[in-house]
Amino acid sequence: MAPQTRGLSFPKIVIEGDSDSEQSSSSSEDEDEVQNDAGEESEQVDEVEVVEESEASTSAKSRRQPISISLKKVCKVCKKPGHEAGFRGATYIDCPMKPCFLCKMPGHTTMSCPHRVATEYGVIPAPLKNTHSSLEYVFQRQVRHHIPTIKPSFVIPKYLNCGVVRYHSRRITCLEFHPTINNILISGDKKGQFGVWDFGKVHEKAVYGNIHSCILNNMKFKPSNDGTVYGASSDGTISCIDLETGISSTLMNLNPDGWQGPSSWRMLYGMDINSDRGLLLSADNFGFLYMADARSNNVIGKPILIHKKGSKVTGLHCHPLQPDLLLSCGNDHFARIWDMRLIEDRSSIYNLSHKRVVNSAYFSPQTGSKILTTSQDNRLSIWDSIFGDMDSPSREIVHSHDFNRHLTPFRAEWDPKDNSESLVVIGRYISENYNGTALHPIDFIDVSNGQLVAEVMDPNITTISPVNKLHPRDDVLASGSSRSIFIWRPKENSELKRQRDPSRILLCGKGEKERKSKFEDDSGDDDFGKDTYGSKSSKTKKTNLKKSKVCSSKRKY
DNA sequence: AGGCGATGAAGCC
DNA sequence: TGGCTTCCCTCGCC
């Protein structure tokens, strides 16, 4: 990470001997070092002590002491000696001086975090569901525990079916399934490029690069014409794209005068369509909501301040059944509910408070009675309008998704097919050691009880998958990981041969020809896993490959 | 293979 | 409020 290297790039190096202070401060870990050094005498000579001190004391010490260079290893996180944080093999060791990286509470590290080891993964029980008497407790524990849940088990698309590697030239920022044609997936990236992919035919794909000039934050199909897609971008425009031709027109432009500096450059993030009212809604990085007529494509009215002035509105969602309700979320740590009939500056009817930035907020897809939010405090929150209230979430689920730079923000998404409105998918930031490889799974969580239903991953995909979308009709998951897109299905059986067909994993971008020819060489190989997939080439992961039987190739995704 | 940087928010003064 | 520094598992390029 850049800040780490920056912090250590110009250390003051003190050349000193065994000063009194040094000896007295030596800890048990220093003793370990001594033991190690005893074995390898040559290392002792090369040791360099890295200390942050003033120039004066540095020169004074160097004058006084005979030259003996010693290197004391310090933790790269807290810069203190005695322990080290970082990857050991494929397992990340936390700095014990910092709060837990997962739940943010002090006193333990991620390794021993109760939210990581509990069977009910990361669950904070709903406040209203707590037992109030011992009798109730006995009932809950001994009777209710054995009552099976009355709902069908979830179908999890957990097998990698096909993918396009390096499809986009920058990281994926959004994905949408076509509302009527089953195998069409559209995608947007950080550069503003727009992709259309027929994952049924795998090879049929197109990327259009001249529509937006920077991040394509959100896309929506036009309800009255599913051959048209709207796109909201950080270039401040909403585009109207024809799916067949890739030809687009600009519906809205918030920066008609071009670049006048960062304080005036408007970027559009959240977007949704209210088909009952024929409205296209979008919101910007200064807290304002914009509306346009979805039929005439004309902008309607003035911008309305819906979040803290100057703060980004990260998402918008219209209620699936009640056209008068709108949900928004933003950098002001709130998700807010609005009545479209009365909407004006700061007129929200509910404000759902969070501890950090809210990445997304969605009504449950069928009844809209629940709200799911993803916040950068590493918690998913469920707000239940029937069995709870809007003052506090009816459930919070601790889940690792708090990385806020260099990755597309994580957004927990409902499964639109789940009638119980409880299955949710979200990518995981923190990695786990799976057979010696550090992987970042895509998590399926049952928000009715907080349990982790499934962790979806493939040993060949070592990058984080922040963008995930479940198909509106089929048991299909689309995931966006870095510049690549993957399709997952629930069964291997009949798909097995197809899945192991290398031609179902397309390689694009730089080195495409070379890679393709290599694939052709490999195509005769029965053991697909051995030679057609690869893994990361970083130091930690390379060592892991020795242990991993599957990942033995130099090639990577 | 290692350094670099694109980036965004929090927290401090 | 604004400027500056810091920040724990990125990722791809040079």
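Excluded from the calculations below are hydrogen atoms, water molecules and symmetry mates; all remaining heavy atoms, backbone and side chain alike, are included. In the text below, chain A, chain B and the rest are named by the order of the sequence lines, each starting its count at 1.
Here A/P466 lies out of heavy-atom contact (under 4.0 Å) with every strand.
Taking only side-chain nitrogens and oxygens, A/K312 comes nearer than 4.0 Å to OP1 or OP2 of B/dA9. Taking side-chain N and O atoms only, A/R170 has no distance below 4.0 Å to OP1 or OP2 of B/dG5. For B/dT7, one of the phosphate oxygens OP1 or OP2 lies less than 4.0 angstrom from a side-chain nitrogen or oxygen of A/K190.
Atom NZ in A/K191 sits about 11 Å away from atom P in C/dC13, given to the nearest Å. Remark: C1' of C/dT10 and CZ of A/F410 are 10 Å apart, rounded to the nearest angstrom. Atom CG in A/D189 sits roughly 14 Å away from atom C1' in B/dA6 (whole-Å rounding). Atoms CZ (A/R166) and C1' (C/dG12) sit 8 Å apart, rounded to a whole Å. In this structure, A/K76 places its NZ atom 15 Å from C1' of B/dG3, rounding to the nearest Å. Atom NE2 of A/H406 and atom P of C/dC11 are 11 Å apart (whole Å). The nearest whole Å value for the distance from the CG atom in A/N285 to the C1' atom in B/dT7 is 15 Å. In this structure, the NE2 atom of A/H401 is 16 Å from the C1' atom of C/dC8, given to the nearest Å.
Taking every heavy atom of both residues into account, A/R266 and A/L254 meet most closely at CB-CB, 3.8 Å.
Taking the six-membered ring where the residue is Trp, A/W488 and A/F486 present perpendicular rings, their angle passing 60° and hence far from 30°.
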Close N/O contacts between protein and nucleotides 10-12 of chain B (under 3.5 Å):
| residue | atom | partner | partner atom | Å |
| --- | --- | --- | --- | --- |
| B/dA10 | OP1 | A/H333 | NE2 | 3.0 |
| B/dG11 | OP1 | A/R356 | NH2 | 3.4 |

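Toward the 5′ end of DNA chain C lies the nearest nucleotide of A/C78, the other residue of the pair A/C78 and A/S465 mapping further downstream.
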Run A/K191 and A/R483 through side chain to side chain contact (heavy atoms under 4.5 Å, CB included) and show every step you take.
CA-CA 11 Å; A/K191 215 177 172 184; A/R483 297 151 54 182; over 6 Å; no

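Applying the salt bridge (charged side-chain N to carboxylate O under 4.0 Å, His left out) test to every pair with at least one member in residues 102-111 of chain A, sequence neighbours left out, gives these pairs: A/K104-A/D402.
In this pair, A/F101 lays its aromatic ring flat on the base of C/dC8, centres within 5.5 Å and planes under 30 degrees apart.
Annotation: C/dT10 and B/dG11 have their C1' atoms spaced 23 Å apart (nearest Å). Spacing between C/dG12 and B/dA9 at atom P, rounded to whole Å, works out to 22 Å.
Closest to the side chain of A/I215, from the set C/dC8, B/dG8, C/dG12, is B/dG8. If you check B/dG8, C/dC8, C/dT10 against the side chain of A/R405, the one that comes closest is B/dG8.
A salt bridge does not link A/D189 to A/R170: none of the charged side-chain nitrogens sits closer than 4.0 Å to a carboxylate oxygen.
The side-chain hydrogen bond (donor to acceptor under 3.5 Å, both in side chains) with A/N359 is formed by just one residue from the set A/R411, A/Q376, A/H401; it is A/Q376.
Under the 3.5 Å distance criterion, the side-chain polar atoms of A/S213 are left unmatched by any main-chain donor or acceptor of A/G192.
A/R116 and A/T110 share no side-chain donor-acceptor pair at under 3.5 Å.
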